[in-house]
2 protein chains.
Amino acid sequence: VICRSAMATLSRHDTLKGRRIMVTAGPTREPLDPVRFLSNHSSGKQGYAIAEALSARGAEVVLVSGPVSLPLPAGVTRVLVETAEQMLHACEAQLPVDAGVFTAAVSDWRAKALSGQKIKKNGAPPSLELAENPDILAQISRHAQRPSLVVGFAAETETVLEHATAKRLRKGCDWLVANDVSKNVFGADNNAVTLITAQGTEEWPLMRKNAVADRLADRVAQFFTLS
Amino acid sequence: VICRSAMATLSRHDTLKGRRIMVTAGPTREPLDPVRFLSNHSSGKQGYAIAEALSARGAEVVLVSGPVSLPLPAGVTRVLVETAEQMLHACEAQLPVDAGVFTAAVSDWRAKALSGQKIKKNGAPPSLELAENPDILAQISRHAQRPSLVVGFAAETETVLEHATAKRLRKGCDWLVANDVSKNVFGADNNAVTLITAQGTEEWPLMRKNAVADRLADRVAQFFTLS
């Protein structure tokens, strides 16, 4: 509580000055052929809001983004990607960074075989063989150039806290921000999240995505002030 | 040629007055679970431009649209849908209409089993069992309340003319507009199409999508003038 009020008295413009932070956002798209793809409902809003909040606090922010329909926040550098593999390579290319915030909804799977031509609709519907995508959060968390602070996001639809707590340990990240996407958050402006750290869990009340971003950015600034 | 110049002298505002026309546009999204879906790269631009061109000629236009990021053209009524099944039902609900222009890139397949919870990434990647979606163009072409003019669109990546000519007969539509999507038309503002009718094929030069829309709308008006 003392820390939070101390932070509030600092100018927000400077709390992350000199820090280089990578943020991922949006969905990935995994092509099946030149026309079709597998994707998910991530709007990118939460990640873009976090990039903006970090940048507003003076951080040098690189946003590695899947396909979304959002304006680029002022002062933020963006790298656009489509697939999980492209996103991983773009993230690795940004290392070293002081912190990484991985909000992107990376497709867990891609098509095992990518067809160069549009798959024709002949006879029985195909069965789509999937291959596992790289786990960007886990790979960056275990990278030789691991950022000092790695923050993951987890979209869950059931037993959110249990899944997310296990996920933090499995991925090797420092903080995990869990949200319950069964509550219709995709594309919405509000979000209700739980922050899971080694110290325990904090349930944040339902608030606007940019308020979640502000609060998280303040926590990131606090981390660097205290470390 | 005489017809075309005669048409040009008519006021475009009136050439489709009193006609009710349905247009479909955009991709469909087929959910695998509450988070993931199968979709395609259709931007909806060509369909929205056609809806606008038909409306500008006095038609009453209903646009049945999948998820896109496009403004609704003035004077056009829109019904938003996600899946192929929803699109079929929305189209059937609009019958009778004088003409139907089916530009939507309807997913050929959906997941055989829709998971109510986010599918967990445990062990081996799943194999995705697909089921065939309803064929909206074919169903409307054979409907008891079939529109007088049914226009289909076909996105092809190889032997475009051959595939599209066969498709016109198989679907039972009057006209088929074929485009070669191997040439990077998704999201672009230009399109190169071939119009296939019972009378033969016409290759239209590369032009802006709203020029394709104007030319097609003029042809639709001509159809009703001559019929």
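Only this structure's heavy atoms are used, side chains among them; waters, hydrogens and symmetry mates stay out. Naming convention: chains lettered A, B, ... in sequence-line order (proteins, then strands); numbering from 1 in each chain.
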Novice: With a 6.0 Å cut-off (strictly less than), is the heavy-atom count around CD of A:Glu203, excluding the residue itself, greater than 12?
Specialist: no

Novice: Measure A:Ser39 against the heavy atoms of chain B and call it side chain, backbone, both or neither at under 4.5 Å.
Specialist: both

Novice: Is any side-chain heavy atom of B:His41 closer than 4.5 Å to a side-chain heavy atom of A:Arg29?
Specialist: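 Yes, at least one pair of side-chain atoms sits under 4.5 Å.
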
Novice: Against A:Leu32, only a single residue in B:Asn40, B:Leu128, B:Leu38 fulfils side-chain contact (heavy atoms from CB on, under 4.5 Å); can you say which?
Specialist: B:Leu38

